[in-house]
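Quick notes on the structure that follows.
Convention: sequence-line order gives letters A, B, ...; per-chain numbering from 1. Source: prediction; values computed, not measured.
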2 protein chains.
Amino acid sequence: MGGPRFEPVRAVRAYERVVEQIEEAVESGALTPGERLPSERELMVQFSVGRSTVREALRVLQARGLVRSRPGDPNGAEVLPFSPVVLKKSMTTLARVSELSLGELAQFRMVLDATAVLLAARLRTEEHLAEMAAAVEDMKAAGATGFGAADVAGFGAADTAFHDAVARAGGNKLIQVCTDVVRAVMAGLVEDRLARAPDREALMRRGVAHHEDVIAALRAGDGPLAARLTRQWTYDSYAGHLPADERAALRALLE
Amino acid sequence: MGGPRFEPVRAVRAYERVVEQIEEAVESGALTPGERLPSERELMVQFSVGRSTVREALRVLQARGLVRSRPGDPNGAEVLPFSPVVLKKSMTTLARVSELSLGELAQFRMVLDATAVLLAARLRTEEHLAEMAAAVEDMKAAGATGFGAADVAGFGAADTAFHDAVARAGGNKLIQVCTDVVRAVMAGLVEDRLARAPDREALMRRGVAHHEDVIAALRAGDGPLAARLTRQWTYDSYAGHLPADERAALRALLE
DNA sequence: GTAGCCTACTGGTCAGACCAGTGGACTAGC
DNA sequence: GCTAGTCCACTGGTCTGACCAGTAGGCTAC
């Protein structure tokens with residue numbers, strides 16, 4: 001302990017203080033989603049700063065997904081409910097600049113998807129099961145009409161709906177958001193490969209069968225079985241796209 | 001298919017196009033971390049927009065963690081390496097507004113930590129093991145000098161260093177970042193409870209023993225054992241802070 | 001009663017100005 | 001020759017004032 005510890009003085013910009021105050025109001029619940037902020041000209045009076053300062057603050061808040069502003073709107077900026085788009089954005093950035101490999105994404109997803117179904121086996125309701133069944137029906141429909149690009153997209157949307165229902169049934173919002181984000185990132189990496197796969201018809205059929213097996217396991221309350229099925233499915237889906245070392249690592253997670 | 005599909009025309013703001021171009025340059029690697037952007041006045045010429053537009057674009061890029069600008073810097077804004085602070089920020093927001101419970105965080109962390117050690121058992125090098133051992137020594141040191149608030153903080157820092165080394169050994173950057181973020185969020189939720197715990201001395205001692213067990217398992221290459229130890233440790237650490245239903249869900253993940 | 005216009009707002013953008021801070025060039029002193 | 005100090009060109013941060021296009025609600029004329 002050598003005397004008083006000085007901290008570097010950090011110039012705190014005016015717009016940062018504006019951001020802080022509004023952010024605090026939103027996160028503390030003083031401003032709820034759907035409510036409106038005062039107009040920029042009103043805010044510049046309340047904070048006694050210039051309009052450019054207000055605007056920069058609003059830009060930051062918008063980038064964080066807290067508010068949205070529309071030109072011409074007679075009301076001010078709208079407070080938004082939380083949405084994972086910012087999380088998705090930063091995770092996509094992480095994937096791009098950190099060069100996340102497909103294998104790392106697959107590991108992450110395999111583990112979290114398996115956890116989601118394990119939890120869902122305990123907590124699922126009939127409504128959840130019905131939603132999953134409906135999603136599987138959509139997958140069948142997309143598979144029945146043909147196997148063009150639109151159908152592959154529809155199949156993917158139904159698949160997402162299925163996993164979303166599972167994640168909600170599991171009751172863990174963090175897992176729900178993260179698996180959703182990673183699914184989107186991975187879809188961006190392999191979508192064209194999948195759409196052009198010559199055996200995509202067989203793949204889709206096996207996918208439907210797999211999801212039905214999972215629903216059956218969830219209905220029976222057999223979490224470990226559902227988790228095993230999910231892990232195996234993830235492995236089967238991506239192992240073919242991975243180099244040998246990443247494939248081995250993924251296999252190690254199968255248990 | 002009913003005729004051409006019209007998309008809603010979205011007014012694309014000028015600053016958004018500026019953001020896009022710079023973002024693309026950064027993510028594609030045309031601009032590498034440490035490089036400098038031109039000054040705002042130079043950018044406003046290159047993009048032929050006003051300075052406020054340039055500034056709003058830079059604010060957005062700064063909020064996304066891509067650049068940083070300092071007043072008075074004769075160079076322009078600096079391109080930053082990826083850092084998980086934005087990810088952490090949005091996950092913290094998720095935790096606050098979505099009311100993520102401690103149980104959800106614990107589930108997430110238990111599963112990912114266990115995965116990290118499982119992978120680390122396969123891929124760990126002697127350097128990784130040495131780093132982990134050093135972190136454990138730091139934990140011992142923090143525990144030996146006393147049990148004040150500063151020592152608890154030091155203990156936590158060493159604990160973070162340990163888990164960071166494990167995650168790096170596992171080779172999955174996504175898991176590394178996510179566990180780090182969640183650890184920070186959870187620490188914010190329970191730190192005061194932990195610092196005031198009357199039995200924190202015993203807790204810290206058991207923590208040291210646990211981490212040494214994990215290192216031994218990793219050295220032996222026994223991933224499943226290391227994973228089991230990790231899960232159990234997470235459960236023991238947080239079960240006491242959870243309501244009954246969340247505790248039961250967490251126990252279900254122990255396997 | 002309704003279609004259309006009018007108007008008072010909104011946010012988006014620009015131009016220009018000033019300030020405080022930075023860092024490099026330049027210079028005076030040793 | 002080298003250092004300490006000054007100076008200056010330039011930076012980002014902020015404010016002012018202005019204009020435009022878009023929106024919504026009220027008003028008017030049919």
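- As a whole-Å value, the separation of B/Leu43 CG from D/dG13 C1' is 16 Å.
- Residues from residues 50-65 of chain B with heavy atoms under 4.0 angstrom of DNA chain D, sorted by number: B/Arg51, B/Arg55, B/Arg59.
- One distance of note links NZ of A/Lys88 with OG of A/Ser83; it measures 8.0 Å at 0.5 Å rounding.
- B/Thr115 and A/Gln107 are not linked by any side-chain donor-acceptor pair at a separation below 3.5 angstrom, with hydrogens and angles left out of the test.
- In this structure, the side chains of A/Val19 and A/Leu61 come closer than 4.5 Å at one or more pairs of heavy atoms.
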Filtered N/O pairs between nucleotides 21-25 of chain D and protein, under 3.5 Å:
from   : atom 1 : to      : atom 2 : distance (Å)
D/dT23 : O4'    : A/Gly72 : O      : 3.4

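- We find the CE-CZ distance between B/Met132 and B/Arg168 to be 8.5 Å, quoted to the nearest 0.5 Å.
- In this structure, the CD atom of A/Glu42 is 13 Å from the C1' atom of C/dC9, given to the nearest Å.
- B/Ser48 places no side-chain N or O within 3.5 Å of a backbone atom of B/Val45 that could act as its donor or acceptor partner.
- Here OG1 of B/Thr53 is found 11.5 Å from CD of B/Glu40. Values are rounded to the nearest 0.5 Å.
- Put simply, OH on B/Tyr15 is 17 Å from C1' on C/dC14, counting in whole angstrom units.
- Rounding to the nearest 0.5 Å gives a distance of 13.0 Å between CE of A/Met110 and CG of A/Leu105.
- Mapping B/Gly76 and A/Ser48 onto DNA chain D by nearest heavy atom places B/Gly76 closer to the 5' end of the strand.
- Straight-line distance from the CD atom of B/Glu40 to the P atom of C/dC18: 19 Å, rounded to whole Å.
- Distance CZ (B/Arg36) to P (D/dC10): 17 Å, rounded to an integer number of Å.
- Contact check on A/Glu104 versus A/Arg109 returns no salt bridge, with no Lys/Arg side-chain nitrogen under 4.0 Å from an Asp/Glu carboxylate oxygen.
- B/Ala77 and B/Ser69 make their closest contact through CB-CB, 4.0 Å (heavy atoms, listed as atom of the first residue, atom of the second, distance).
- For C/dG11, the base has a donor-acceptor partner in the side chain of A/Arg41 [N/O atoms by modelled type, under 3.5 angstrom].
- If you take CZ of B/Arg13 and C1' of C/dT13, they are 12 Å apart, rounded to a whole angstrom.
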